[in-house]
Amino acid sequence: MLTNAPKGTKDLLPADAYKWQYVEKAFADICERYGFKEIRTPVFEHTELFQRGVGDTTDIVQKEMYTWEQAKRSLTLRPEGTSPVVRAFVEHKLYAEVQPSKMYYNIPCFRYEKPQSGRLRAFHQFGIEIFGTDNQMADAEVIALGHDFIREMGIKDVELRINSIGCPKCRETYREILRDFLAPKYDALCGTCKDRYERNPMRILDCKAPEDQELVKGAPVMLDYICEECQVAFDDLKENLDAYGIEYTVDPGIVRGLDYYTKTAFEFISRNIGAQGTVCGGGRYDHLSEELGGPPIPGVGFGLGIERLLLTMEANGVRIPEPQGADAFIVVMGAEAKKVGLRLMRTLRQEGLKVEMDDMARNVKNQFKYADRTKAIKAIVIGEQELENNQVAIRDMESGEQVLVGMEDILSILKEK
RNA sequence: GUGGGUGUAGUCAAGUGGUUAAGACAACGGGUUGUGGCUCCGUCAUUCGUGGGUUCGAAUCCCAUCAUCCACCCCA
């Protein structure tokens with residue numbers, strides 16, 4: 001028990017950390033190129049933020065939050081990234097600055113779910129948000145950034161699906177139309193879909209049970225019932241994506257599970273990482289700020305699962321460059337050589353080189369063995385003979401060539417390559 | 001919350017009731033304290049996730065429990 005991480009959590013071990021560093025750097029990089037700036041918010045928030053923001057009826061709020069009481073306040077580990085960013089935006093009145101605001105983040109999130117492939121209780125997301133404009137330029141830019149990032153990570157099998165889930169007005173109208181259509185078939189629906197009928201009938205369209213897929217044929221489609229304004233916006237979005245040259249398919253089955261979404265909804269889906277194939281998902285949320293008691297601030301953004309991203313990269317055979325070994329490994333023989341070695345190592349490290357020495361008092365053979373296993377590029381050998389002449393031997397670990405050089409020339413030789 | 005699979009060393013594993021639990025890789029040490037990658041030798045599970053039961057005898061059969069993986073639901 002003591003030596004077991006809690007269910008649904010994963011340690012990132014030294015052998016894999018470079019992969020995360022790689023995608024984290026690449027993500028920060030592309031965000032900066034697209035004009036986004038980083039924002040960091042706390043890991044926990046007032047529980048009410050998510051109840052209001054994500055929505056009281058959602059699965060996330062009803063059964064998946066890590067919530068506790070402290071000093072008479074109810075606090076919750078963030079289950080998603082958008083509401084906290086909106087909260088910070090309103091709290092610090094960032095709407096008073098130049099608009100739009102374009103922000104990105106790299107955060108851990110927490111949901112109490114049953115773990116499976118691509119789903120953890122403590123997981124990590126990249127996210128971006130654009131606040132302050134309801135123009136579909138913003139939606140297209142968000143999608144373009146997600147698309148280009150996924151491509152830059154070497155992923156080829158991910159497909160973009162877009163949809164419009166309308167605004168609160170047209171969505172309610174549509175739900176009624178859909179319920180009317182399904183009412184006569186209600187008894188034949190599967191158990192989960194009977195629940196969905198009241199709570200979120202749009203999900204029934206996406207049910208995997210073959211009987212239900214049959215029942216749902218010919219059902220009215222949301223897209224046919226969105227209002228004029230939403231239709232214009234959706235056409236606008238498609239036009240912008242076409243202009244970017246980004247391919248997509250319109251999928252009326254894309255239904256986001258958080259209440260705050262309006263109009264644009266999209267997902268980037270992989271078929272090769274198991275059932276949880278959504279690598280990146282997002283959309284527009286024009287009423288979230290107001291819902292939280294702030295001024296009306298339109299917004300659009302996405303969340304991108306880092307664990308799922310890495311799974312997809314692996315499935316695509318992407319090779320992330322492995323970190324190199326030390327520029328130089330200092331092999332020492334004898335007490336005096338050790339002292340000289342330590343001093344040399346410190347100097348070289350201060351010069352910005354990656355230098356290591358044996359910490360286990362190994363013999364020469366095993367020092368070399370260690371240098372070899374850790375992929376050191378050069379070995380610097382210091383023994384009695386070298387010390388007498390104020391020299392060291394520098395050995396190229398790949399070719400095995402070894403040359404004697406004076407102490408004062410070490411730095412320039414190492415920096416040559 | 002529901003359903004299914006799996007648990008033998010750091011990793012991959014053989015072993016399906018009979019006394020000392022194969023093997024490979026890794027790790028560590030050594031082959032006369034001055035040289036790695038190859039090679040040779042050595043070390044590395046009183047114990048088979050844990051607890052109970054059946055039996056003369058259990059890693060092997062039964063029960064429980066825990067962990068893990070996968071799927072549903074839902075989402076990143």
Side-chain angles (χ1 to χ4, degrees), chain A residues 1 3-10 13 15 54 57-64 78-82 106-127 146 190-193 195-196 199-200 203 206-209 254-258 261 267-270 273-282 301-312 325 329 331-335 337 358 360-376 378-387 392-402:
Chain A
M1 186 67 180
T3 53
N4 258 91
K7 189 197 282 277
T9 68
K10 268 213 159 60
L13 301 176
V54 176
T57 63
T58 59
D59 277 11
I60 293 179
V61 170
Q62 284 190 339
K63 53 186 194 192
E64 296 176 0
R78 74 174 152 227
E80 59 99 32
T82 300
N106 170 7
I107 55 169
C109 290
F110 306 88
R111 293 184 200 169
Y112 184 77
E113 295 189 273
K114 201 137 181 206
Q116 71 186 73
S117 181
R119 195 170 72 192
L120 294 167
R121 290 181 174 178
F123 63 102
H124 298 79
Q125 284 195 353
F126 293 141
C190 74
T192 40
C193 283
D195 290 342
R196 285 163 167 159
R199 206 153 55 93
N200 194 352
R203 282 228 172 265
D206 204 23
C207 184
K208 280 159 189 142
I254 299 294
V255 182
R256 313 257 68 226
L258 290 71
Y261 284 111
E267 290 186 11
F268 290 92
I269 300 168
S270 165
I273 58 168
Q276 309 301 321
T278 302
V279 176
C280 174
F302 69 62
L304 190 154
I306 302 181
E307 286 86 356
R308 288 185 190 177
L309 172 73
L310 262 357
L311 283 176
T312 311
F329 184 91
V331 174
V332 295
M333 287 163 257
D358 169 51
M360 290 176 75
R362 277 185 265 235
N363 64 26
V364 177
K365 180 193 172 100
N366 286 322
Q367 289 183 56
F368 270 99
K369 201 166 197 166
Y370 179 86
D372 183 54
R373 297 265 163 99
T374 56
K375 300 189 170 74
K378 305 267 190 198
I380 298 176
V381 188
I382 309 176
E384 281 171 32
Q385 292 163 26
E386 287 82 4
L387 284 177
V392 300
I394 297 185
R395 182 183 181 87
D396 184 288
M397 289 299 283
E398 202 181 320
S399 67
E401 284 168 32
Q402 192 162 313

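Being a predicted model, the structure only gives us computed values, none of them experimental. Numbers restart at 1 for each chain; the letters A, B, ... are given by sequence-line order, proteins then strands. Quick note: numbers below take in every heavy atom, side chains included, and nothing from hydrogens, waters or symmetry partners.
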Rounded interatomic separation in angstrom, taking NZ from A:Lys378 and C1' from B:rG36:
15 Å

Side-chain touch A:Phe329/A:Lys378, heavy atoms, less than 4.5 angstrom
no

Rounded off to whole Å, could you give me the CD1-to-C1' distance for the A:Ile380 and B:rG36 pair?
16 Å

Taken to the nearest whole Å, CZ/A:Phe110 to C1'/B:rA76 is 14 Å

Does the ring of A:Tyr370 lie flat against the base of B:rG36, closer than 5.5 Å centre to centre with planes under 30°?
no

Can you list everything that forms a side chain to side chain donor-acceptor pair (under 3.5 Å) with A:Gln125? Sequence neighbours excluded, please.
none

Looking only at atom C1', what distance separates B:rU60 and B:rC48, rounded to whole Å?
10 Å

Is there a donor and acceptor pair closer than 3.5 Å between the side chain of A:Gln367 and the base of B:rU35?
no

If each of A:Arg256 and A:Pro6 is mapped to the nucleotide of RNA chain B with the nearest heavy atom, which maps nearer the 5' terminus, i.e. the 5' end?
A:Pro6

Can you check the distance between B:rC40 and B:rU32, where both ends of the measurement are the C1' atom (answer in whole Å)?
16 Å

Can you tell me if CD on A:Glu384 sees more than 12 non-hydrogen neighbours from other groups inside 6.0 Å?
no

Check A:Lys10, A:His124, A:Arg119 against A:Glu307 for a side chain to side chain donor-acceptor pair (under 3.5 Å) and give me the one that passes.
A:His124

Give the rounded distance in Å between these two atoms: CG of A:Asp396 and P of B:rG37.
16 Å

Euclidean distance, atom CZ of residue A:Arg119 to atom C1' of B:rC73 [Å, nearest integer]:
8 Å

Grab the CZ-P distance between A:Arg362 and B:rG30 for me, whole Å please.
10 Å

Could you state the NZ-C1' distance from A:Lys369 to B:rC38, rounded to the nearest angstrom?
11 Å

For A:Lys7 and B:rU68, give me the distance from atom NZ to atom P, rounded to whole Å.
5 Å

For A:Gly277 and for A:Lys114, locate the closest nucleotide of RNA chain B by heavy-atom distance; then report the residue assigned to the nucleotide nearer the 5' terminus.
A:Lys114

